[in-house]
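What follows is one structure encoded as structure tokens, with my remarks underneath.
What you see below is based on every heavy atom in this structure, not just the backbone, and it leaves out hydrogens, waters and symmetry mates.
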Amino acid sequence: MDSAILGPVVALAAWTMIIWIWMYATRLPAMGRAGIDGTKVVGSTGGALRDALIAKGEEKASWVADNYNHLHEAPTVFYAVCLVLAMIGQGDNLNATIAWAYVGLRVTHSLVQIFSNRVIIRFALFALSSIALMMLVAHSVMAVLLH
């Protein structure tokens, strides 16, 4: 399968792994500064750890983790629809361009959330990326279900 839409799929997957590394590079030192010994935490959830970090003034450490979680929400639909478009021969030209736009918007969303966490900017980027994703879904619906 040779399809241009696979480039954005791989790029977003790679970005997600970069955020995973960034999350631990940020969170582990924050836990140390907050006096949280990860070896003694039992049965904690991500939310409980986030709350404990915030209580100790380490809120920014949670922003990266929050973004990592966000990269496992709507992007799951992106991966699926892009693979469908690639498999049916519709992963080039316009769809590949839309997919790259989606990835660019998601990366920008990540950077805004990690560095400033301005909700209005994040919302605008999320809304724009959602429109791009809706376009990809609509194209796959037209190609698969209405063909």
Side-chain angles (χ1 to χ4, degrees), residues 1 3-88 90-91 95-145:
M1 180 182 338
S3 180
I5 206 165
L6 296 177
V9 168
V10 172
L12 189 57
W15 179 250
T16 302
M17 295 301 97
I18 289 167
I19 296 297
W20 182 87
I21 293 166
W22 196 340
M23 175 180 64
Y24 282 103
T26 304
R27 185 174 263 190
L28 293 176
M31 288 173 64
R33 288 189 301 273
I36 300 169
D37 183 352
T39 64
K40 295 181 180 173
V41 176
V42 177
S44 178
T45 64
L49 177 57
R50 183 182 199 285
D51 293 345
L53 287 168
I54 290 171
K56 298 287 187 168
E58 294 289 346
E59 181 175 304
K60 287 186 177 185
S62 293
W63 293 355
V64 183
D66 292 343
N67 187 258
Y68 179 72
N69 290 333
H70 294 163
L71 288 169
H72 289 86
E73 294 169 351
T76 60
V77 175
F78 171 78
Y79 294 128
V81 76
C82 286
L83 292 176
V84 166
L85 289 166
M87 289 188 309
I88 64 172
Q90 298 288 319
N95 287 328
T97 301
I98 295 169
W100 276 117
Y102 181 82
V103 171
L105 289 163
R106 290 308 306 219
V107 169
T108 304
H109 176 275
S110 292
L111 296 173
V112 167
Q113 184 166 24
I114 291 165
F115 288 116
S116 72
N117 212 5
R118 296 286 309 218
V119 174
I120 190 68
I121 298 169
R122 281 181 37 218
F123 174 75
L125 292 165
F126 179 76
L128 289 171
S129 70
S130 294
I131 291 168
L133 184 55
M134 288 178 213
M135 292 170 68
L136 291 171
V137 169
H139 291 171
S140 66
V141 166
M142 289 187 289
V144 173
L145 298 180

Discussion item. If I compare all heavy atoms of Leu133 with all of Ala74, which pair ends up nearest, and what's the gap?
Written reply: CD2-O, 3.7 Å
Worksheet item: So, for Val81 and Leu136, which heavy atoms are closest and what is the spacing to 0.1 Å?
Response: CG2-O, 3.6 Å
Worksheet, complete the sentence: Distance col, row Ile5:CD1 vs Phe78:CZ, nearest 0.5 angstrom, shows 6.5 Å
Worksheet item: Taking atom CG of Asn95 and atom OG of Ser140, what is their separation to the nearest 0.5 Å?
Response: 8.5 Å
Worksheet entry | Residue pair His139 / Gln90, side-chain donor-acceptor N/O under 3.5 Å | no
Worksheet item: In Å and rounded to the nearest 0.5 Å, what is the CD to CZ distance from Gln113 to Arg118?
Response: 14.0 Å
Worksheet item: Closest approach of His72 and Tyr68, non-hydrogen atoms and distance?
Response: ND1-O, 2.8 Å
Residues 11-31, side-chain donor-acceptor partners within the protein, below 3.5 Å, at least two apart:
unit_1	atom_1	unit_2	atom_2	d
Trp15	NE1	Ser110	OG	2.9
Thr16	OG1	Leu12	O	2.9
Thr26	OG1	Trp22	O	2.8

Worksheet item: Counting only N and O atoms by type, is there a donor-acceptor contact under 3.5 Å from the side chain of Ser3 to the main-chain atoms of Gly91?
Response: yes
Item to complete: Report the distance from atom CH2 of Trp63 to atom OG of Ser116, rounding to the nearest 0.5 Å.
Response: 7.0 Å
Practice prompt. With rounding to the nearest 0.5 Å, note down the distance linking CG in Leu111 to CD1 in Ile121.
Written response: 12.0 Å
Worksheet item: Would you call Ser129 and His109 a side-chain contact if the rule is heavy atoms closer than 4.5 Å?
Response: no
Worksheet item: Roughly how far apart are Asp51 CG and Lys56 NZ, rounded to 0.5 Å?
Response: 13.5 Å
